[in-house]
Amino acid sequence: MATAPDELTILDIPIHNVTMTEAIDTLRRFLDEPVPRQVCFVNADVANKAYRDREYRQTLQQAAFSLADGIGLKLAGKLLGRDIKQNVNRTDLFPQLCEALEGSGHGIYLLGAKPGVPELVRDRMLERFPGLRISGTQHGYFNEEEEPGVIDRIARSGASLLLVAFGAPRQDLWIRTHLEATGVRVGIGVGGLFDFYSGRMARSPQWMREMGMEWLYRLYQEPGRMWKRYGIGNALFLYRVIKEKYLGGVPS
Ligand code: UDP
């Protein structure tokens, strides 16, 4: 990239070590250039999934821009003697990016989550940012036969930015495969982002986020699903980072 921000590698995944402001500026620049680019948010759960999944790891490796999402990555940086500048998580980035795109003419396509959810996100974001352009919406529960129609609608919408909320790794693999066909300039996998911004799921209080404790709040909301991801996942991730540091090697 022209303005190469400093980079580090954690468990064989390249991370662009940037602040939130630098991330928004880079995305803004990508949107002005007629080149399709994939952007990934990397958190401990993503790194754990990629550790055992070569195809997913390669997808993250070939992304144009990978952002350090969450406290787990910050801790991993510390273990590796590198200071991760900021927790550039998707939930904080989304409204800032919407603000940056107001009046720019660059449209966003919201793809994923349950039927009705992306439409709620559209309405709420347009209320907050009236100059924003939402080029289209589509839920994430379509089947294989419906997929070409979905891709075609995105291409015809003229969107510049595609946000895909299918969960990891499916969303990132989907973007890798279909980015060119959708005709967008930037495709980003955003996980459960739309559930937050549809108002269907409460976000942790600001003070918890600032302390990097958002994961604790998600654990409280969905203990059945989240205990494995956070309780075991974060510990496993940090164990793997330490193991890689002293013994080397991610399985091929
Ligand atoms: N989802 C989807 N299609 C599917 C399965 C899941 O659109 O076939 C959506 C789901 O509704 C949710 C998101 O993908 O909005 C995944 O959220 P999760 O919290 O698991 O993702 P994370 O943020 O942890 O990556």
Side-chain angles (χ1 to χ4, degrees), residues 13 15 38-53 55-57 59-60 63 66-73 87-95 97 108-125 136-147 149-151 153-154 162-178 182 187-204 208-209 212-234 236-237:
I13 304 166
I15 307 285
Q38 179 162 11
V39 175
C40 297
F41 285 100
V42 180
N43 59 24
D45 183 53
V46 162
N48 278 338
K49 285 175 175 154
Y51 191 81
R52 294 269 172 229
D53 180 341
E55 191 192 359
Y56 187 31
R57 201 157 68 236
T59 300
L60 299 173
S66 304
L67 299 164
D69 178 345
I71 189 74
L73 267 280
N87 171 358
V88 187
N89 68 83
R90 52 206 161 173
T91 327
D92 288 328
L93 184 135
F94 182 51
L97 185 59
I108 309 179
Y109 202 101
L110 307 174
L111 172 65
K114 299 220 168 80
V117 171
E119 290 74 24
L120 282 172
V121 178
R122 175 196 59 204
D123 297 347
R124 288 174 72 113
M125 297 323 273
T137 54
Q138 163 68 50
H139 66 74
Y141 293 83
F142 54 88
N143 60 34
E144 236 176 89
E145 290 90 74
E146 293 166 317
E147 188 168 84
V150 169
I151 295 169
R153 283 197 293 282
I154 300 168
L162 173 65
L163 301 181
V164 185
F166 298 159
R170 195 178 142 218
Q171 59 195 17
D172 306 287
L173 299 173
W174 197 92
I175 292 171
R176 186 184 184 180
T177 309
H178 301 295
T182 62
I188 317 181
V190 293
L193 180 83
F194 298 167
D195 296 320
F196 279 115
Y197 282 96
S198 67
R200 289 171 57 149
M201 193 180 265
R203 235 197 132 182
S204 66
M208 261 181 133
R209 285 173 5 220
M213 302 301 270
E214 180 148 34
W215 62 273
L216 196 61
Y217 194 75
R218 284 202 76 189
L219 182 64
Y220 159 76
Q221 283 174 313
E222 287 187 89
R225 200 162 78 94
M226 293 298 163
W227 77 270
K228 200 167 164 204
R229 180 180 301 185
Y230 293 126
I232 299 175
N234 278 336
L236 181 64
F237 168 66

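Remember, it's 1-based here, ligands and their atoms both numbered in the order they're listed.
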> Between V88 and L93, is a side-chain contact (heavy atoms from CB on, under 4.5 Å) present by the stated rule, with each step listed?
Replying inline: CA-CA 7 Å; V88 187; L93 184 135; 3.8 Å; yes
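- Among protein heavy atoms, atom 5 (C) of ligand 1 sits closest to Y141 OH, 3.5 Å.
- The protein heavy-atom contact nearest to atom 23 (O) of ligand 1 is G192 N, 2.7 Å.
- For ligand 1, the atoms lying closer than 4.0 Å to a non-hydrogen atom of G191 are 13 (C), 17 (O), 21 (O), 22 (P), 23 (O), 25 (O).
- Using a 4.5 Å heavy-atom threshold, the side chains of F237 and L73 count as touching.
- The closest side-chain heavy-atom distance from W174 to L162 is below 4.5 Å.
- One N or O on the side chain of R57 and one on the backbone of Y51 form a donor-acceptor pair closer than 3.5 Å.
- Of the N or O atoms in R90, one or more lie within a sub-3.5 Å distance of an N or O in ligand 1.
- In terms of protein heavy-atom proximity, atom 3 (N) of ligand 1 is nearest to G140 O, 2.7 Å.
- Between A113 and ligand 1, a contact under 3.5 Å exists for at least one N or O pair.
- With values rounded to the nearest 0.5 angstrom, I175 atom CD1 is found 8.0 Å from I188 atom CD1.
- Between atom OG1 of residue T59 and atom CG of residue D172 there is a gap of 7.5 Å, rounded to the nearest 0.5 Å.
- Ligand 1 has a nitrogen or oxygen under 3.5 angstrom from a nitrogen or oxygen of A165.
- Of all the atoms in ligand 1, the ones that sit under 4.0 Å from a non-hydrogen atom of D195 are 12 (C), 15 (O).
- Close to ligand 1: R170, with a non-hydrogen atom less than 4.0 angstrom away.
- Between R124 and Y197, every side-chain heavy-atom pair lies at or beyond the 4.5 Å cut-off.
- Contact atoms of ligand 1 toward G112: 7 (O) (distance under 4.0 Å to a heavy atom of the residue).
- Under a 4.0 Å heavy-atom criterion, F194 is not in contact with ligand 1.
- Of all atoms in ligand 1, listed by their number and element, those nearer than 4.0 Å to a heavy atom of K114 are 11 (O).
- With rounding to the nearest 0.5 Å, the separation of CZ in R90 from CG in N43 is 5.5 Å.
- The nearest heavy-atom contact from the protein to atom 20 (O) of ligand 1 is R225 NH1, 3.2 Å.
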